[in-house]
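As structure tokens, the structure follows; a few thoughts come after it.
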Amino acid sequence: MTVDATNGTPTDTPRLRAEGLRFLSRRRPVLFALAGWSLLEAAQTFLFGYALARALDHGFLAARPAVGLGWLAVAAVAVAAGAYGTGRVFRAVSALVEPLRDGLVRRVVAGALRDADHGAVSRLTHQVEIARDTFAGLVMVSRSFVFTAAGALAGLASLAPVLLLVVVPPLILGLGLFLVTLRPMARRQETFLAADEAVARSLDATAAGLRDITAAGAQERTADEADDRFADEFRAARTLARWGVLRVLAVAVGGRLPVVLLLVTAPWLLGRGVTPGDLVGALTYLMYALLPALQSLMQALGTAGSRLAVVLRRLTAPGLGSSETRRPSNAERVSGVERNEPPHPTTPARARAAVELRGVTFAYGPHAEPVFQGLDVTVPAGGHLTVVGPSGIGKSTLTALVAGLLVPDRGEVLLCGEPVHGGGTRRRVLVPQEAYVFSGSLRDNLTYLCPDPPPDAAVLASARAVGAYELLLRLGGPDAAVVPSGLSAGERQLIALARAHLAPVPVVLLDEATCHLDPAAEARAERAFAERPGTTLVVVAHRISSARRADRVLVMDGTHALCGTHDELIRRSALYRDLAGGWSEPAGALGDANGVHPVAGPGLTGDGGHVVAHSPVGQMQAVGDLRDARPLGGE
């Protein structure tokens, strides 16, 4: 495999050529039909110019108008026959184009699901259509040029062979000049497409993480990065346009210069037996056959052809889009849109820590205040840690660092004793607050993180464990079709929790992954993970009951982090006491001992308007996250 020295991307031309030949060899009947109908077009080209020459010489110039009209009728019949052949050509081309498009779509979708490549958006919506349209255009203009040029040159030779001395040399010179520019244009085209993918990735990540970007104060940095992506694409497009000027020059030399030479040498040609009709026929071949065919060919090969080669190479390259081939953008790091690598079978829990942060310092930008500074956290294998703190304090940032979605400025993050960016991502699963569910079967959604298809018994067991079994039955079973827009936020969270429970990884990170569930459902889901063999659980909490269920609680206040049990922190941490007093949830749901009124409603002591009762008693939407750490009387 060769490497393009311009941008370091693999060209792998022999592989692409071999795949192309295999694709065409499987469609030989279509190719034979395409050649047959193209011969009919070539016959039209030959007869049209020849009939005009004979109509002039043997008809109108010889005072025999009937003969001239007869030859013109022959030209008209040739045009009609050519039009019929062109219609059949389009049908044959479609039999080549659509199978190519279907195959490319399958490759892109499979690669996107395997590698979580955000550039796949550009490939599927833009580059596949480029490949489809340009392949069709390339087939049309290439075979048109070959058969049209053959018909035109045969017609010139039949009229007067000396005409070939005037037409052929500039035609060859123009084609040669054009071929010299193909490789540089292909390189510039690849640079442009890479820049287009970078823009698509940046916009996709930015749109997905607008809230987190704002919370982290990374707006300016993200905007600067997006501006750089657009500037790169603009520079690539401008360079590509400069090379397009040479294509115009090649068309002028190969297609228009022969016309000028034919007019300049007309006296010399007439002196060597060329008739006025022959000159008219030659001009017809040049102006209405060779020149349009040459322009179409150079347009197709110069822009569409080089683009097709680049796009096919990028769409069919093995392993393209792997998350290991590029560093995530700032927007991707902030929003945490990168998916973990395909999970590996669970390894036995070891005595050393399952999650360990050593002296971790992280800030969203060189001039931003650090979210963490010298943070040390250790979670033993099989442990259960709950992370609490006011909104925007960095709880989600912590889980993103543990998941490997963010890279610390200093320090290191270990999962099961392995650096998270050295393969540790294979040992964790992260369930965010906004759960991701894709269109497809429920089984595909639940087994998405499993390297091997699990048995139905395991799928149903995980659904029962996290409380998603009734939802599974209501949707129609594991093979039921899932429409994400038809699910509530809580239903999407249940599917994501069942997916994580089924994933064979030892570390589970729940970043407010149960915020849309009631307290009883939340408790059931957390208990399912805590009781799963060999599982270490880290939970970003939004209810006091979640913190009470954990072995240890990590309290974050923006400058310090304090870890301990619930009872210890109640005694030692004023912030934790304030947070625990500010949490609101129905007292009867889990037998909570905090004395919260069993029926939530406005007007209760301390109500700030964020707990609202719905029609049936007990159905309430608890506050979505920890309230800010202000004293109760300050509301």
Side-chain angles (χ1 to χ4, degrees), residues 106 109-116 339-349 354 382 384 403 415-416 425-518 520-539:
R106 285 192 292 269
V109 172
L113 293 176
R114 181 185 65 247
D115 302 323
R339 197 200 76 184
N340 56 296
E341 300 174 16
H344 287 208
T346 306
T347 56
H384 180 179
L415 287 181
C416 302
T425 52
R426 295 172 298 180
R427 303 181 182 277
R428 58 85 175 135
V429 60
L430 169 65
V431 183
Q433 179 178 2
E434 299 299 329
Y436 174 67
V437 176
F438 56 87
S439 298
S441 71
L442 185 56
R443 184 190 305 277
D444 290 340
N445 273 276
L446 295 177
T447 62
Y448 177 49
L449 299 179
C450 298
D452 300 311
D456 283 354
V459 175
L460 296 177
S462 290
R464 286 192 182 95
V466 301
Y469 185 69
E470 292 184 1
L471 172 63
L472 184 147
L473 294 180
R474 189 167 71 252
L475 293 177
D479 295 316
V482 173
V483 180
S485 60
L487 299 174
S488 69
E491 289 171 336
R492 290 195 296 270
Q493 283 190 335
L494 285 175
I495 293 175
L497 289 168
R499 174 197 300 153
H501 191 274
L502 198 59
V505 292
V507 178
V508 176
L509 309 171
L510 303 181
D511 183 7
E512 297 196 47
T514 58
C515 64
H516 297 295
L517 305 180
D518 59 55
E522 176 187 72
R524 179 174 183 174
E526 288 185 11
R527 188 164 51 247
F529 286 103
E531 295 175 354
R532 196 181 73 159
T535 298
T536 301
L537 181 61
V538 177
V539 179

Does [X] reach the main-chain N or O of [Y] with its side chain, forming a donor-acceptor pair under 3.5 Å?
X      : Y      : value
Arg532 : His501 : yes
Ser441 : Ala480 : no
Arg427 : Pro506 : no

Shortest non-hydrogen separation from [X] to [Y] and the atoms involved:
X      : Y      : value
Ala465 : Ala528 : O-CB, 3.2 Å
Thr536 : Gly382 : OG1-N, 2.8 Å
Phe438 : Pro484 : C-CG, 3.8 Å

Interatomic distance, [X] atom [atom1] to [Y] atom [atom2] [nearest 0.5 angstrom]:
X      : Y      : atom1 : atom2 : result
Leu487 : Ile495 : CG    : CD1   : 5.0 Å
Cys416 : Arg426 : SG    : CZ    : 11.0 Å
Asp518 : Arg524 : CG    : CZ    : 11.0 Å
Asp444 : Ser439 : CG    : OG    : 11.0 Å
Arg428 : Leu415 : CZ    : CG    : 8.0 Å
Leu497 : Glu526 : CG    : CD    : 9.5 Å

* **Qualifying residue for side chain to side chain contact (heavy atoms under 4.5 Å, CB included) with His516, from Glu434, Glu522, Arg492, Glu491** => Glu434
* Do you know which of Val538, Leu537, Val539 makes side chain to side chain contact (heavy atoms under 4.5 Å, CB included) with Val508? ->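 Among Val538, Leu537, Val539, the one meeting side chain to side chain contact (heavy atoms under 4.5 Å, CB included) with Val508 is Leu537.
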Check: [Y] and [X] side chains under 4.5 Å, non-hydrogen atoms:
X      : Y      : answer
Cys515 : Gln493 : yes
Thr447 : Pro453 : no
Cys450 : Leu502 : yes

Considering only distance and modelled atom types, tabulate donor-acceptor pairs under 3.5 Å from the side chains of residues 466-473, sequence neighbours left out.
{"from": "Tyr469", "atom 1": "OH", "to": "Arg464", "atom 2": "NH2", "distance (Å)": "3.3"}

